[in-house]
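Computed from a predicted structure; not experimentally measured. Reminder, nothing fancy here: chain letters follow the sequence lines and each chain counts from 1.
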Protein chains: 2
Amino acid sequence: MARKAGSTRQDTEAKIYLAARNLFARFGYAAVSMRQIASEVGVNQAALYHYTPTKQDLLAGLLTRHMDDLIAAYDAESHPDDPLLALDHFTRFHIAYHLTKPDEVFLSYMELRSLEPDHFQKITALRSDYEERLRHILASGLKTGAFTAIEPSITAMAILSMLTGITNWYKPGGRLSQDDIETYYSRLVLRAVGATPLAEENPQCSMRA
Amino acid sequence: MARKAGSTRQDTEAKIYLAARNLFARFGYAAVSMRQIASEVGVNQAALYHYTPTKQDLLAGLLTRHMDDLIAAYDAESHPDDPLLALDHFTRFHIAYHLTKPDEVFLSYMELRSLEPDHFQKITALRSDYEERLRHILASGLKTGAFTAIEPSITAMAILSMLTGITNWYKPGGRLSQDDIETYYSRLVLRAVGATPLAEENPQCSMRA
DNA sequence: GTCTATATTACGATAGAC
DNA sequence: GTCTATCGTAATATAGAC
């Protein structure tokens with residue numbers, strides 16, 4: 001298995017996906033050219049076509065990987081049975097995962113419309129698959145009485161919008177640590193569904209009351 | 001003031017802005033050509049340049065108008081002094097306004113990155129101006145004790161993300177009326193900030209409890 | 001106010017040498 | 001596996017006739 005030093009297929013492929021992700025997230029799919037991506041990788045534009053048949057496939061590959069990874073990461077964790085704990089856990093997981101992959105998240109929300117129909121449906125189905133996990137928690141909590149007066153489908157969308165929106169303003173190294181943010185949003189979410197937040201009667205957290 | 005029948009400057013300009021808004025919202029600024037816009041309006045591509053110096057100015061004009069209109073519409077309403085009522089009012093206003101102008105809203109969230117620096121700063125400042133109105137309500141409620149254990153800046157972003165996210169799934173004529181949605185989200189929001197929602201002990205609303 | 005025609009530049013993708 | 005060169009197309013924007 002002799003390899004040329006400095007350039008293997010896997011290496012280059014990873015660099016291409018990384019560059020595409022950064023550029024698409026920053027400027028948008030339609031505004032980025034294959035030449036820009038190649039330039040970022042350090043190869044000629046024509047070389048990209050040994051790794052992806054089209055620009056569209058490059059985008060679809062990025063989004064598919066992201067959604068697959070997200071669902072796999074969530075399913076790999078253990079989930080509390082108690083709805084209140086499960087919702088707290090979901091909130092923290094979603095925030096933590098999304099804050100560590102801001103580009104992928106941004107892309108998967110902004111560039112759905114750049115996908116051709118087949119790819120679009122595939123990604124939309126994967127997203128719905130993930131959302132279903134939150135709807136299930138909300139429905140369980142409604143049944144046990146842990147949550148009150150909520151409609152699971154709408155509430156799931158409301159919560160996901162709220163949590164994902166963090167990526168619009170969060171910058172690492174800011175006033176609040178990631179853990180502060182998780183704790184704060186968990187309280188917002190638990191209150192919103194009519195539950196008593198975990199730390200409500202134990203105000204040691206860093207927020208002013 | 002003799003006018004040629006069928007085509008005045010104001011008419012055509014309005015059509016151009018309308019077409020640009022629709023197309024940019026649907027396919028993204030970078031993916032839409034001046035030819036497409038002209039075709040939608042029913043004029044030749046070159047005619048557009050009598051109404052806007054560049055494509056970039058067309059986008060900036062759309063976003064500026066939207067933010068100006070949003071702020072003017074909010075300021076034109078009367079705002080309750082009581083923080084709880086004020087927050088309920090803000091929630092309903094934001095939802096109602098955003099659901100009536102889905103394209104403008106979508107554009108102003110998706111195409112900020114397509115703006116060149118000067119325009120970007122201008123729009124960002126206008127947005128912050130609007131957000132400030134919500135922060136003010138939250139800070140007042142914290143002072144009076146109507147809201148508990150919240151941080152106004154973060155909570156404002158959380159609420160705005162949640163409310164604006166409605167435009168991602170709402171379709172007119174669905175299961176829930178706009179008023180149902182306003183009522184439901186007002187409860188989510190008021191609960192989240194630690195207030196007792198207006199209709200909490202009066203569960204005549206259409207949600208199941 | 002709108003048109004035809006065009007200058008200039010860039011795009012996605014391919015062919016074929018090395 | 002990467003390159004040079006290029007094909008065919010389409011982009012923004014402008015010039016100038018009517």
Open item on the list: Strictly below 4.0 Å: does Thr8(A) bring a side-chain N or O up to OP1 or OP2 of dG1(D)?
Closed with: no

- [ ] Please identify each residue that fulfils ring-ring contact (aromatic ring centres under 6.0 Å, His included) with Tyr130(A), with sequence neighbours left out.
- [x] Phe90(A), His94(A)

- [ ] Could you pull out all residues at least two apart from Arg133(A) that satisfy salt bridge (charged side-chain N to carboxylate O under 4.0 Å, His left out)?
- [x] Asp75(A), Asp129(A)

Open item on the list: Under the criterion salt bridge (charged side-chain N to carboxylate O under 4.0 Å, His left out), I'd like the reasoning laid out for Arg92(B) against Asp88(B): C-alpha separation, chi angles, the key distance, then a yes or no.
Closed with: CA-CA 6 Å; Arg92(B) 290 174 183 276; Asp88(B) 174 72; 3.2 Å; yes

Task: Short side-chain N/O contact to dA10(C) OP1/OP2 from Ser33(A), under 4.0 Å - done: no

Task: Carboxylate-amine/guanidinium proximity below 4.0 Å for Glu111(B) and Arg21(B) - done: no

Task: Side chain proximity check, Leu58(A) to Ile16(A), heavy atoms < 4.5 angstrom - done: yes

Open item on the list: Taking any heavy-atom pair under 4.0 Å as a contact, classify Val41(A): base, sugar-phosphate, or nothing.
Closed with: nothing

Open item on the list: Tell me the closest heavy-atom pair linking Leu23(B) and Val32(B), and the distance in Å.
Closed with: O-CG2, 3.4 Å

Open item on the list: Can you see whether Gln36(B) engages Glu40(B) through a side-chain donor-acceptor pair at a distance of less than 3.5 angstrom?
Closed with: no

TODO: Determine the minimum heavy-atom distance between Ile137(A) and Pro83(A), stating which atoms define it.
DONE: CG2-O, 3.8 Å

Task: Nucleic acid footprint by protein, nucleotides 13-18 of chain C - heavy-atom cut-off 4.0 Å, B for base, S for sugar-phosphate alone - done: BBB---

- [ ] Could you list the residues that satisfy ring-ring contact (aromatic ring centres under 6.0 Å, His included) with His79(A), not counting sequence neighbours?
- [x] Tyr74(A), His89(A)

Open item on the list: Please report the distance, rounded to the nearest Å, between CG in Leu48(B) and P in dT4(C).
Closed with: 14 Å

Task: Any residue of residues 112-119 of chain A with a heavy atom less than 4.0 Å from an atom of DNA chain C - done: none

Task: Short side-chain N/O contact to dA13(D) OP1/OP2 from Tyr51(B), under 4.0 Å - done: no

- [ ] Scan side-chain atoms only and decide if Thr183(B) and Asp180(B) contain a donor-acceptor pair under the 3.5 Å cut-off.
- [x] no

Open item on the list: As a quick check of understanding, evaluate salt bridge (charged side-chain N to carboxylate O under 4.0 Å, His left out) for Glu151(B) and Arg175(A), giving each step before the final call.
Closed with: CA-CA 12 Å; Glu151(B) 205 290 319; Arg175(A) 180 166 60 91; 3.5 Å; yes

Task: Neighbours of DNA chain D within residues 19-26 of chain A, by heavy-atom distance under 4.0 Å - done: none

